[in-house]
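Read the numbers this way: they start at 1 and go in the same order the structure lists the ligands and their atoms.
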Amino acid sequence: MHRMTTAEATVASLIAHGISTIYALPGVHNDALFDALFKAGDLIRTVHARHEQTAGYMALGAALGTGKPQAYAVVPGPGLLNSATALLTAYGTNAPVLALIGQITQSAIGRGYGLLHEIRDQAGIIERLVDFSARIRAPAEAPGVIAAALRAMQVGRPGPAAIECAMDVWGRSAPMPAVAPPEPTAPARFDEDALSEAAKRLGSAARILIVAGGGAQDAAAEVTELSQMLQAPVLAFRRGRGVLDSRNPFSVTLPLGHELWREAEVVLGIGTRLFFGFQHWGVDDDLTVIRVDADPEEPERFCAPAVALIGQAKPILRRLIDALGRHNQARASRREEMIERQSKMRSRLQKLSPQVAFLDAIRTELGEDGIFVDEVTQIGFAARLAYPVYKPRTFISPGYQDALGWGYATALGVQDARRDVPVLSISGDGGFLFTGSDIATAMRHRIPLVCIIFNDGAYGNVRRIQEEHYGNRLIACDLSNPDFVRFAESFGAAAERAHDPRQLGAALRRAFKRRDQPSIIEVPVGPLPSPWDFVFMPRVRGR
Ligand SMILES: Cc1ncc(C[n+]2csc(CCOP(=O)(O)OP(=O)(O)O)c2C)c(N)n1
Ligand SMILES: [Mg+2]
């Protein structure tokens, strides 16, 4: 036994669980925590940002880029609320992000004194944002609370957790045993009956569509094998992109997925909500739905599936593949059919050719392992439909929150955690300035992120909707912007302007060579063609 403060025990527990970086913004409530981080030396890095939103998003980006738990620390009240969008997006993307949040002194909590950063019912607020939340009330509680949070973040449906600790409790000390390493998780149990039922139904069905979501990112090899065995195309929209390599003709995005949904006898959803199918495209009695999901509640949400396999996708699919060896019928190749349909779809997507030309330049320069971080902007919308993704976790997308401004900050976290590969962030002029001031963070921590700002001088998406659907009554959509090149240069970043896809390619080549400093490329654009016909498509089944 030796004496440790709550903060020291917390930091030791985080380290024991493999957390090696804290994204952070300090303040008086967390002084003892930061002192413990200082004392931990090289065992844990502290990466401070210029806004709590960025600290939260960086932890989110690091989690999505690595698939491993990540943490951030902020002050209570304003610090928590500033980071709340990142927590919300972590929840929506099932990302294992741990928020460490300060609190006013323990005895004052709930009394309404109006202390610095006091917020009414902080525990209640965080409880609604995440599935696991707790307060550390004494030094001896720290290892147990951290372990429980890390477990909750990874077992079942993954997701964020939040822990608060009062400013006086962080510094309180007590004799403590050495922090124990995390307990190994119990091996998964399989529902053998459900597995063989799924294998039988899949094995005897002719036209199968696999839909991959974010929960399939760690099962790329298994999904690829299943697709081949079943001659089944694999549909992904945002978070499942890259599970099946886009160079495989069976890898499809939304518009071709819409056609295949109409034709399918069986849909196999893997780590996906099947949102577009259920909400937009429809179901009927001729469609058998089979679900693989870590969350036992998810498969029943929209409509009851024929079979639900609950657990991590990778081991379940491995077992399913084994079982299919006994049940799968002989199948004619659909390869030629898929090649032809892909080529027709590419011609249809030429409607978005201005966006696709920029995406082609990006794809060429980013290289095989480079990571693309999506944003809520015209090029992002087109990327979800037409950007070829080669590997899992190389297309990082915000999922259903689609929170404008997530891009640059999240990409900083992706690049910080994945220093081994180039990372590209795209933003519109609108989204970029949410966190563009964190070029300072990229400079401070030498994060070599490359960001392209597609500048149309507007919240372009909003503007086009007002033009097309509201009689051109334009309101709150035109923007005054800084000179983005001079803006970036004023931080010391490398910056240039590119006017067409060829110039963009050359600028990217220069930027990806700079491995010790961030780069910004501004691309001035005019209005771009609407992607929405390829996203919101009519019902094709049922009523
Ligand atoms: C947090 C948040 N606020 C508002 C919106 C609504 N919204 C969606 S797209 C958009 C405009 C985006 O503008 P910009 O980043 O310049 O991209 P562009 O459409 O011009 O390419 C807005 C305001 C949103 N998605 N998220
Ligand atoms: Mg814009």
Kindly say whether the aromatic ring centers of Trp532 and Phe381 come within a distance under 6.0 Å. yes
Phe276 and Phe237: aromatic ring centres closer than 6.0 Å?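 When the ring centroids of Phe276 and Phe237 are compared, they turn out to be within the sub-6.0 Å range.
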When you measure from the centre of the six-membered ring of Tyr400, is the NZ or CZ of Arg238 closer than 6.0 Å and no more than 45° off the axis? no
Please name the atom of Asp456, limited to N, O or S, that comes nearest to the Mg ion (ligand 2). OD1
Any idea which N/O/S atom from Asp429 gets closest to the Mg ion (ligand 2)?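 When I compare the N, O and S atoms of Asp429, OD1 is nearest to the Mg ion (ligand 2).
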Can you find an N/O atom of [X] closer than 3.5 Å to an N/O atom of ligand 1?
X      : value
Phe434 : no
Ala403 : no
Phe381 : no
Thr377 : yes

Any side-chain heavy atom of [X] sitting closer than 4.5 Å to one from [Y]?
X      : Y      : value
Leu433 : Asp429 : no
His51  : Ser437 : no
Thr93  : Gln401 : no

Hey, is the Mg ion (ligand 2) within less than 2.8 Å of some N/O/S atom on Ala458? yes
Contact partition for Ala458 relative to ligand 1, non-hydrogen atoms under 4.0 Å: backbone
Answer side chain, backbone, both or neither: which part of Asp429 comes under 4.0 Å from ligand 1, heavy atoms only. both
Salt bridge check, Arg464 against Glu467: does any charged N sit closer than 4.0 Å to a carboxylate O?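 Answer for the salt bridge query: no.
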Arg463 bridged to Asp456 by N-O distance under 4.0 Å: no
Of all the atoms in ligand 1, which lie at a distance below 4.0 Å from a heavy atom belonging to [X]?
X      : value
Val376 : 8 (C), 9 (S), 12 (C), 17 (O), 25 (N)
Asn461 : 9 (S), 19 (O)
Val462 : 10 (C), 22 (C), 23 (C)
Asp456 : 20 (O)
Gly430 : 14 (P), 15 (O), 16 (O)

Rounded distance [0.5 Å steps], [atom1] in [X] versus [atom2] in [Y]:
X      : Y      : atom1 : atom2 : answer
Ile19  : Gln70  : CD1   : CD    : 6.0 Å
Phe250 : Gln342 : CZ    : CD    : 9.5 Å
Asp121 : Ile125 : CG    : CD1   : 6.5 Å

So which of Leu479, Asn481, Leu404 gets nearest to atom 3 (N) of ligand 1, if we judge by its closest heavy atom?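 That would be Leu404.
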Quick one: which of Thr89, Thr85, Asp402 has a heavy atom closest to atom 25 (N) of ligand 1? Asp402
How far is atom 15 (O) of ligand 1 from its nearest protein heavy atom, and which residue and atom name does that atom have?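 Looking only at protein heavy atoms, the one closest to atom 15 (O) of ligand 1 is Gly431 N, 2.8 Å.
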Of all the non-hydrogen atoms in the protein, which one sits nearest to atom 20 (O) of ligand 1, and at what distance? Gly460 N, 2.7 Å
Taking all atoms of both residues into account, what is the closest heavy-atom pair of Ala95 and Leu60, and its distance?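 Of all heavy-atom pairs spanning Ala95 and Leu60, the closest is CB-CD1, 3.4 Å.
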Consider ligand 1: state whether an atom of it lies below 4.0 angstrom from any non-hydrogen atom of Gly405.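 No, Gly405 has no heavy atom closer than 4.0 Å to ligand 1.
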Heavy atoms of the protein only: does one fall short of 4.0 Å from atom 1 (C) of ligand 1? yes
